[in-house]
Asker: 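Can you read through this structure? Questions will come right after.
For clarity, every value in this text was computed on a predicted model and none was experimentally measured. Hydrogens, waters and symmetry mates play no part in the numbers below; they use all other heavy atoms, side chains included. Starting from 1, each residue takes its place in the sequence as its number.
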Amino acid sequence: MKTLNIEINDSVYEHILFFLQNLPKGMVKISKQIEQSKIIELSTKEKVEELFKTKSSEPFKEIQDPIAWQKSMRDEWE
């Protein structure tokens with residue numbers, strides 16, 4: 001199978017989708033139906049907030065002695 005990404009005018013969207021859905025089963029796989037009006041660009045602040053929702057708020061909690069850890073990191077540079 002081949003993948004085709006197209007950008008189409010709103011006025012023909014429903015017609016193209018209808019055509020693709022009515023092709024023989026197994027011949028076309030529609031992976032996502034994305035409508036341009038539903039795509040919302042997030043602001044930088046929203047992107048950062050979304051990133052932190054998925055990340056741990058305690059990334060260095062396993063470090064017992066932070067000063068010794070920093071020194072060992074600096075020792076690697078020499």
Asker: Does L4 share a hydrophobic cluster with I8, counting links as ILVMFWY side-chain heavy atoms below 4.5 Å and allowing steps through other members?
Answerer: yes
Asker: Other residues, nucleotides and ligands only: do more than 12 of their heavy atoms fall within 6.0 Å of CE on M27?
Answerer: no
Asker: Can you give me the closest heavy-atom contact between M1 and K29, atom names plus distance?
Answerer: CE-N, 4.1 Å
Asker: Under 4.5 Å between side-chain heavy atoms, hopping through other hydrophobics if needed: is there a path connecting I63 to M73?
Answerer: yes
Asker: Hey, what do you get for CG (D65) to OG (S72), rounding to the nearest 0.5 Å?
Answerer: 9.5 Å
Asker: Counting C-beta onward and ignoring hydrogens, is there a side-chain heavy-atom pair between F19 and L23 closer than 4.5 Å?
Answerer: yes
Asker: Excluding sequence neighbours, so at least two apart, what forms salt bridge (charged side-chain N to carboxylate O under 4.0 Å, His left out) with K71?
Answerer: D75
Asker: Let me confirm one number: the CD1-CG distance from I6 to L20, rounded to the nearest 0.5 Å.
Answerer: 6.5 Å
Asker: If I take atom CD from residue E62 and atom CH2 from residue W69, how far apart are they, to the nearest 0.5 angstrom?
Answerer: 9.0 Å
Asker: Show, in sequence, the C-alpha distance, side-chain angles and deciding distance for N9 and Y13, and conclude whether the side chain to side chain contact (heavy atoms under 4.5 Å, CB included) test is met.
Answerer: CA-CA 6 Å; N9 191 292; Y13 174 77; over 6 Å; no
